Amino acid sequence: MDFGIRNRRALVCAASKGLGRGCAEALAGEGVSLVLNARGVEALEATAAKIRDRFGVPVETVAADITTEEGRAKVLAVAGEVDILVTNAGGPPPGVWTDWDRDDFVAALDANMLTPVALIQALVPGMMERGWGRVVNITSRAVKAPLAALGLSNAARTGLTGFVAGTSRQVAHAGVTINNLLPGSHDTDRIRTMDARNAQQKGITLEEQKTQRLAGNPVGRDGTAEDFGAACAFLCSQQAGFIVGQNILVDGGEVNATI
Ligand SMILES: NC(=O)c1ccc[n+]([C@@H]2O[C@H](COP(=O)([O-])OP(=O)(O)OC[C@H]3O[C@@H](n4cnc5c(N)ncnc54)[C@H](OP(=O)(O)O)[C@@H]3O)[C@@H](O)[C@H]2O)c1
């Protein structure tokens, strides 16, 4: 299927590795030119070079912390007018609900709620003027089913979800869709770090921890960045223009809910 987005221009945030990179690759596969962001220059440049080689699309890079005002200004200056925005940033640290103070909450809200809100506010007006746009926010399955150790994530991402629910319905008339993609467990650095922490806490091996975790997944494996990227590219497609304000799980059926 041709997704009808060849020669569109996308900003994909936090995209040198993991799920952001999966989204960037899937969009590049559809002929979309890219502006990629991450903090670390080396991995960012290596990813950009691989994508240029493999897909033959233009790829610009901006090394910056997307969760800071300064970082966003740098990224937005290079991005200019984009048709597609994929918001993403690192997830908050795990812990216990009694651990976190105001500063921890402010940091989580900045990274996983207020950063995507600021990017939407900066880029969606231009998309509306031009009559076409797609925004995909990478959130988490924690929005549908809370993860006990990730209270900061549960809280911040649910805030973004509320903002998107209302805003997506105010911009859809101008051809702009905003949706959220909710990853379950995917084989990235993030999940490997979480597995290592949990294995250590339980006094079991990494392999045992992974086996225990996957026992709750109907597909019986972790997702891949490619699985996730494919869902993102579809939400950015011409064909997905009637999908508005949705929260779509990509989790192998792990969240056990009827709707
Ligand atoms: N993987 C999962 O199973 C899973 C499940 C649910 C939710 N999530 C969420 O999905 C998001 C992506 O996860 P992932 O697994 O893809 O993580 P990952 O493999 O650790 O990759 C994170 C990417 O984001 C970049 N990044 C991190 N913080 C950034 C910042 N402040 N500014 C710019 N770039 C930044 C990293 O590069 P630099 O470090 O060089 O900046 C890297 O390219 C996270 O919010 C995570 O919590 C993941």
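On a predicted model such as this, the values are computed, not experimentally measured, just so you know. Order of appearance sets the numbers: ligands from 1, and atoms from 1 within every ligand.
Residue R157 places a heavy atom less than 4.0 Å from ligand 1. Proximity of A64 to ligand 1 is established by a heavy-atom distance of less than 4.0 Å. Ligand 1 lies less than 4.0 angstrom from a heavy atom belonging to S185. Contact annotation: A225 has no heavy atom less than 4.0 Å from any atom of ligand 1.
Listed by chain and number, the residues in a side-chain contact (heavy atoms from CB on, under 4.5 Å) with R39 are D65 (sequence neighbours excluded). Evaluation of the ring-ring contact (aromatic ring centres under 6.0 Å, His included) rule for F55 yields no partner, not counting sequence neighbours.
Cation-pi geometry between R134 and W132 is met: the NZ or CZ atom falls under 6.0 Å from the ring centre, inside 45° of the normal.
Under 4.0 angstrom from ligand 1, the non-hydrogen atoms of N88 all belong to its side chain. At a heavy-atom distance under 4.0 Å, only backbone atoms of T139 (N, CA, C or O) approach ligand 1. Of all the heavy atoms of S16, the ones lying under 4.0 Å from any atom of ligand 1 are found in both the backbone and the side chain.
Heavy-atom proximity to G91, at under 4.0 Å, picks out these atoms of ligand 1: 44 (C), 45 (O), 47 (O). Against a heavy-atom cut-off of under 4.0 Å, I138 is close to the following atoms of ligand 1: 10 (O). Atoms of ligand 1 lying under 4.0 Å from at least one heavy atom of D189, given by number and element, are 19 (O), 20 (O). Atom numbering of ligand 1 starts at 1 in the shown order; those under 4.0 Å from a heavy atom of S140 are 6 (C), 7 (C).
The nearest protein heavy atom to atom 22 (C) of ligand 1 is not closer than 4.0 Å.
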Are I248 and N180 close enough, and set up right, to give a side-chain contact (heavy atoms from CB on, under 4.5 Å), and what steps lead you there? CA-CA 6 Å; I248 298 172; N180 302 319; over 6 Å; no
Worked check of side-chain contact (heavy atoms from CB on, under 4.5 Å) between L123 and L11: CA-CA 10 Å; L123 294 171; L11 167 59; 3.9 Å; yes
Show your reasoning for whether side chain to side chain donor-acceptor pair (under 3.5 Å) applies to R72 and T115. CA-CA 8 Å; R72 281 191 297 278; T115 290; 3.0 Å; yes
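For atom 16 (O) of ligand 1, the closest heavy atom belonging to the protein is L19 N, 2.7 Å. In terms of protein heavy-atom proximity, atom 5 (C) of ligand 1 is nearest to G184 O, 3.2 Å.
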